[in-house]
Amino acid sequence: MVKIIADSTCDLSKELIERYDVSILPLHILLGEEEHKDGVDITPEKIYQWSDANLTTPKTSAVALEDALAVMGPIVENGDEIVAFCISEQMSTTCNIFRLAAQELYAESSIDVIDSKSLSTGIGLLVIEAAIMAGEGASKQDIVTSINQMREDVRASFVVDTLTYLYRGGRCSSVAALAGSVLKLHPKIEVKNGAMEAGKKYRGKLCRVILDYVKDMEEELIHSKKDRVFITHSGCDPAIVEEVRQYLEELGYFKEILITRAGGVVSSHCGPGTLGVLCLK
């Protein structure tokens, strides 16, 4: 049996985690001296409050080695194999932690670690595909081979309400050049080769900007994998989320439109009001 593991930045909902039998390992979020586990004992709302009060972005750190060992150990002892997904190696050392856990368990042959080269439900799309294959009895090697090919097909992008959080966190280098217009622009942030880059710049009210962003993606969307598309947001007005959902539904293309809330790590770097539509080419 092959077990699928992912770190908490995959932003899958509890329902999807249970549906696809995925084990989630949390990254850590530091609010000053307070350390929290993403998705366990901290909410995005608390992160926003702390960030605005302290005029800085919380520090985030990789999955703890002891947490990885605690989850992976029993699976290996049971004779099963693991495919473990993590956020882009350019953004976190979580992949290395997973590899260290495999070494400590003397289970390098039983555990494959996949650098998603993505974030949020860009990872989640791959995790679900792997979980479906595992559920159908595919071998670990077949899953890894398929996912490595599919990884280049992930289309992960989002529009932010404010550049403040990305600018504070320094995770998107091209945002620095836009700092002077921090309150005026809503750039499309795209994940390419494992890094975030600022793309098209939108102006205007967020509700209009987000719909324009999704409409601009239409050609890409109708040539993507039909099985599912994600709408992932960090606390958008429900009316905006619903408008995006209706637009995607009216395309009459996707079998499943999934709406998820971004977790603490992604939210802490992108800020409230961020929304992305993520799919597989």
Side-chain angles (χ1 to χ4, degrees), residues 2-14 16-18 20-31 33-44 46-47 57-78 80-108 110-128 130-131 134 140 143-144 147 151 154 156 169 171 191 194-196 232 260-270:
V2 180
K3 178 68 177 175
I4 306 302
I5 290 175
D7 74 44
S8 59
T9 62
C10 68
D11 288 344
L12 294 177
S13 66
K14 182 179 178 182
L16 290 171
I17 290 166
E18 292 175 354
Y20 293 106
D21 189 26
V22 177
S23 292
I24 301 295
L25 284 161
L27 271 75
H28 290 239
I29 300 169
L30 286 81
L31 305 185
E33 298 299 315
E34 295 180 20
E35 185 170 356
H36 300 272
K37 290 186 176 184
D38 185 21
V40 177
D41 59 2
I42 185 73
T43 64
K46 183 174 179 180
I47 291 168
T57 296
K59 292 181 180 179
T60 57
S61 61
V63 169
L65 179 59
E66 56 266 31
D67 288 345
L69 291 170
V71 170
M72 293 179 174
I75 297 171
V76 172
E77 288 174 11
N78 194 48
D80 295 325
E81 296 178 304
I82 296 170
V83 177
F85 290 81
C86 48
I87 188 172
S88 169
E89 284 197 271
Q90 293 193 48
M91 302 179 193
S92 171
T93 59
T94 291
C95 275
N96 281 336
I97 296 297
F98 284 175
R99 294 184 190 113
L100 281 172
Q103 290 171 15
E104 291 214 10
L105 293 167
Y106 301 99
E108 291 99 324
S110 300
I111 301 173
D112 270 278
V113 178
I114 301 227
D115 171 10
S116 69
K117 295 187 179 181
S118 193
L119 52 67
S120 191
T121 45
I123 311 168
L125 285 161
L126 298 175
V127 170
I128 289 175
K140 177 170 68 68
I143 293 171
V144 171
I147 293 300
R151 183 173 56 180
V154 174
R171 293 299 178 96
V191 182
M196 290 187 285
T232 301
T260 67
R261 178 74 187 264
V265 170
V266 172
S267 295
S268 69
H269 290 290
C270 296

(Q) Do Gln103 and Glu108 make a side-chain contact, defined as non-hydrogen atoms from C-beta onward lying under 4.5 Å apart? (A) yes
Q) Is Ile75 close to Ile5 at the side-chain level, that is, under 4.5 Å between some pair of heavy atoms? A) yes
Q: Would you check if the side chain of Ser88 reaches a backbone N or O of Gln90 as a donor-acceptor pair within less than 3.5 Å?
A: yes
Q.
If I take atom CZ from residue Arg99 and atom OG1 from residue Thr93, how far apart are they, to the nearest 0.5 angstrom?
A. 10.5 Å
Q) Just how far is it from atom CD of Glu81 to atom CD1 of Ile143, taken to the nearest 0.5 Å? A) 9.0 Å
**Q.** Gap separating the CD1 atom of Ile24 from the CD1 atom of Ile4, nearest 0.5 angstrom
**A.** 11.0 Å
Q: Drop me the distance from His28's NE2 to Thr94's OG1, to the nearest 0.5 angstrom.
A: 9.0 Å
Q. Would you say the side-chain atoms of Thr57 pair up with the backbone N or O of His269, donor to acceptor, closer than 3.5 Å?
A. no
Q. If we only count heavy atoms from C-beta on, is the Phe85 to Cys10 side-chain gap below 4.5 Å?
A. no
Q. Is the shortest heavy-atom distance from the side chain of Thr9 to the side chain of Leu119 under 4.5 Å?
A. no
Q.
Rounded to the nearest 0.5 Å, what separates atom CG in Leu27 from atom CD1 in Ile29?
A. 8.0 Å
Q. What distance do Met196 atom CE and Met91 atom CE have between them, rounded to the nearest 0.5 Å?
A. 4.5 Å
Q | Positive for side-chain contact (heavy atoms from CB on, under 4.5 Å) with Leu69, one of Leu100, Val76, Leu105 | A | Leu105
Q. What are the two closest heavy atoms between Ile47 and Ser268, and how far apart are they?
A. CG2-CB, 3.5 Å
Q) Given side chains that start at C-beta, do those of Arg151 and Asp115 come closer than 4.5 Å, heavy atoms only? A) yes
Q. Are Ile82 and Met72 close enough that some pair of their side-chain heavy atoms sits under 4.5 Å apart?
A. yes
**Q.** Thr260 and Leu12, any side-chain heavy atoms less than 4.5 Å apart
**A.** no
Q.
Using the rule given for side-chain contact (heavy atoms from CB on, under 4.5 Å), can you reason through Val83 versus Ile147, listing the C-alpha separation, both sets of side-chain angles and the distance that settles it, and then say yes or no?
A. CA-CA 10 Å; Val83 177; Ile147 293 300; 5.8 Å; no
Q. Within the side chain of Asp7, is there an N or O that forms a donor-acceptor pair under 3.5 Å with the backbone of Pro26?
A. no
**Q.** Side-chain heavy atoms of Ile87 within contact of Ser118, under 4.5 Å
**A.** no
Q | Glu34: side chain to side chain donor-acceptor pair (under 3.5 Å) partners, not counting sequence neighbours | A | His36
List the atom pairs, with distances to 0.1 Å, where a side-chain N or O of residues 37-44 and a protein N or O form a donor-acceptor pair under 3.5 Å, not counting sequence neighbours.
| from | atom 1 | to | atom 2 | distance (Å) |
| --- | --- | --- | --- | --- |
| Lys37 | NZ | Asp67 | OD1 | 3.4 |
| Lys37 | NZ | Asp67 | OD2 | 3.3 |
| Asp38 | OD1 | Gly264 | N | 2.7 |
| Asp38 | OD2 | Ser8 | OG | 2.7 |
| Asp41 | OD1 | Lys37 | N | 2.7 |
| Thr43 | OG1 | Lys46 | N | 3.2 |

Q.
Side chains of Asp11 and Thr121 only: does a donor on one sit below 3.5 Å from an acceptor on the other?
A. no
Q | Pair Val2-Asp80, side-chain contact (heavy atoms from CB on, under 4.5 Å): steps then yes or no | A | CA-CA 6 Å; Val2 180; Asp80 295 325; over 6 Å; no
